[in-house]
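Everything below concerns the one structure shown next.
Values in this document were obtained by computation on a predicted structure and should not be read as measured data.
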Amino acid sequence: MELRQLRTFEAVVRHRTVTDAAIALELAPSSVSQQIRTLESSLEVTLFHRGPRGMELTPAGERLMGWARRLLHQAEQARRDVRGERQVLRLGALETLAGSYVPQVLARFAERRPDLEVEISSERARDGLLADVIDGRLDAALLLDSDDDLGGLGFPAPAEPLAFVDLDPVPLVLVAAPTHPLAARPGLTPPDLEHERLLVNVPECSFWMAGYKTLGPAPKRIKAGGVPVMRAWAEHGLGISLLPRFAVADSLDAGSLVRLDLPVPDLSLRLVWREGREALPGLRDILYAAACP
């Protein structure tokens, strides 16, 4: 296998057609096809099914995909090292965390490893982060979860084994406008919310999952949008919302929101990486930087 063949293979996987891969690589389509045929011949396997919907991976192609991305990443790291450039650690994070936790982690990491550069990729969808970690496009990712297993919050378990460590608790609060009828009621329980409007984002959202797990199906879900939208709608009396305390601390201090008297468990800030990759340059230092206040 040659690196240029692996780059071509990865481009075809990403773009689904030989023509689009050729455009991305600035090659002729015939050159892309020839490289794929040569790679298949050298491995003595078929990597793609060629059909009307484009190039679809065979089981052998699926197995090669993870290897190709890891090998290409290692080659890039070797190139940087030989040239005396800083190596790169690729860290993904949910958008919710990108503005709250990531900056302090990066500041501590920069003090500990000034020789390494961290590339941050923020995503709204957890599935995309996990897929990128599995496929080697990310070295690690920060997300929200609960319980002792990956996916305890309610999202599907990843297709391949991933390692993780819980870094910090992320407290949640159930909030409403101070004029809301439940604002002054003590000792609330989930059945008290049966006819309430619970402001949510999408079912894949961590706080939707946490709300379903903690509050059950009784409240009527009202799709509002992301965390800033849910907070604003709650402030205007359009419903109640289950949100991370860090996202509503200013509103609680200002009195535009109040915390309802219903205990909810914390979520966990969780760092996830592919098993066996602990030796990657900087990964242990990211763990240290994320875990140390």
Side-chain angles (χ1 to χ4, degrees), residues 91-98 100-102 104-105 122-135 138-175 187-194 196 198-219 221 226-227 230 240-249 259-278 283-284 286-293:
L91 179 66
L94 290 174
E95 283 186 355
T96 307
L97 304 172
S100 54
Y101 285 94
V102 171
Q104 53 188 314
V105 171
S122 64
E123 287 271 356
R124 295 183 63 184
R126 180 187 301 98
D127 290 349
L129 288 177
L130 293 175
D132 285 347
V133 171
I134 288 172
D135 291 341
L138 290 175
D139 298 315
L142 284 167
L143 48 79
L144 296 172
D145 204 355
S146 65
D147 297 337
D148 296 329
D149 298 317
L150 192 58
L153 186 57
F155 57 88
E160 298 187 28
L162 296 177
F164 67 87
V165 64
D166 288 336
L167 304 172
D168 285 313
V170 179
L172 300 178
V173 289
L174 187 65
V175 296
L188 293 173
T189 62
D192 295 324
L193 309 179
E194 183 174 356
E196 296 300 325
L198 181 64
L199 304 172
V200 294
N201 188 2
V202 293
E204 296 80 13
C205 172
S206 301
F207 312 118
W208 176 305
M209 293 181 186
Y212 197 89
K213 189 172 182 178
T214 303
L215 308 177
R221 267 65 179 176
V227 169
M230 288 188 280
I240 62 177
S241 195
L242 183 65
L243 293 170
R245 190 172 63 193
F246 68 77
V248 295
R259 180 174 182 170
L260 300 184
D261 188 20
L262 193 156
V264 291
D266 296 341
L267 295 183
S268 294
L269 176 66
R270 187 163 283 181
L271 184 71
V272 180
W273 65 93
R274 188 169 179 135
E275 285 188 356
R277 305 200 75 196
E278 292 83 357
L283 184 54
R284 291 186 181 275
I286 278 287
L287 285 169
Y288 180 87
C292 293

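By the 4.5 Å heavy-atom criterion applied to side chains, Asp147 and Asp145 are not counted as neighbours. No side-chain heavy atom of Val272 sits under 4.5 Å from any side-chain heavy atom of Arg126. The closest side-chain heavy-atom distance from Thr96 to Phe246 is below 4.5 Å. In this structure, Leu262 and Pro190 have side chains that are in contact, with non-hydrogen atoms separated by less than 4.5 Å. Between Asp266 and Val170, the closest side-chain pair of non-hydrogen atoms is not below 4.5 Å. Counting heavy atoms from C-beta outward, Leu267 and Pro244 have side chains that stay 4.5 Å or more apart. Within the 4.5 Å cutoff, the side chain of Val227 has heavy atoms near those of the Phe207 side chain.
Closest approach of Asp192 to Gly187, counting heavy atoms only: OD2-O, 4.2 Å. Listed here is the closest heavy atom pair of Leu129 and Ala141: CB-CB, 4.2 Å. Nearest heavy-atom pair, Leu130 versus Phe155, reported as atom, atom and distance to 0.1 Å: CD1-CE1, 3.9 Å. The two atoms that bring Leu94 and Ser206 nearest to each other are CD1-OG, 4.0 Å, heavy atoms only. Counting all heavy atoms, side chain and backbone alike, Pro219 lies closest to Gly216 at CD-O, 3.6 Å. Taking both residues in full, the closest heavy atoms of Pro169 and Pro171 are given as O-CD, 3.5 Å, listed atom of the first, atom of the second, then distance.
The structure places OG of Ser146 at 4.5 Å from CG of Leu153, a figure rounded to the nearest 0.5 Å. Distance check, rounded to the nearest 0.5 Å: CZ of Phe164 to CG of Asp149 gives 6.5 Å. Taken to the nearest 0.5 Å, the CE atom of Met209 stands 11.0 Å off from the CG atom of Leu144. Taking CG from Leu172 and CZ from Arg259, the interatomic distance works out to 9.5 Å, rounded to the nearest 0.5 Å. Put simply, CG on Leu242 and NZ on Lys213 are 12.5 Å apart, with the number rounded to the nearest 0.5 Å. Of the inter-residue distances, the one linking Ile134 atom CD1 with Leu162 atom CG reads 5.0 Å to the nearest 0.5 angstrom.
Among the candidates Leu243, Leu260, Leu188, the single residue satisfying the side-chain contact (heavy atoms from CB on, under 4.5 Å) test with Leu174 is Leu260.
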(message) Quick one, Leu193 with Leu198, criterion side-chain contact (heavy atoms from CB on, under 4.5 Å). Give me CA distance, side-chain angles, the key distance, then yes/no.
(response) CA-CA 9 Å; Leu193 309 179; Leu198 181 64; over 6 Å; no
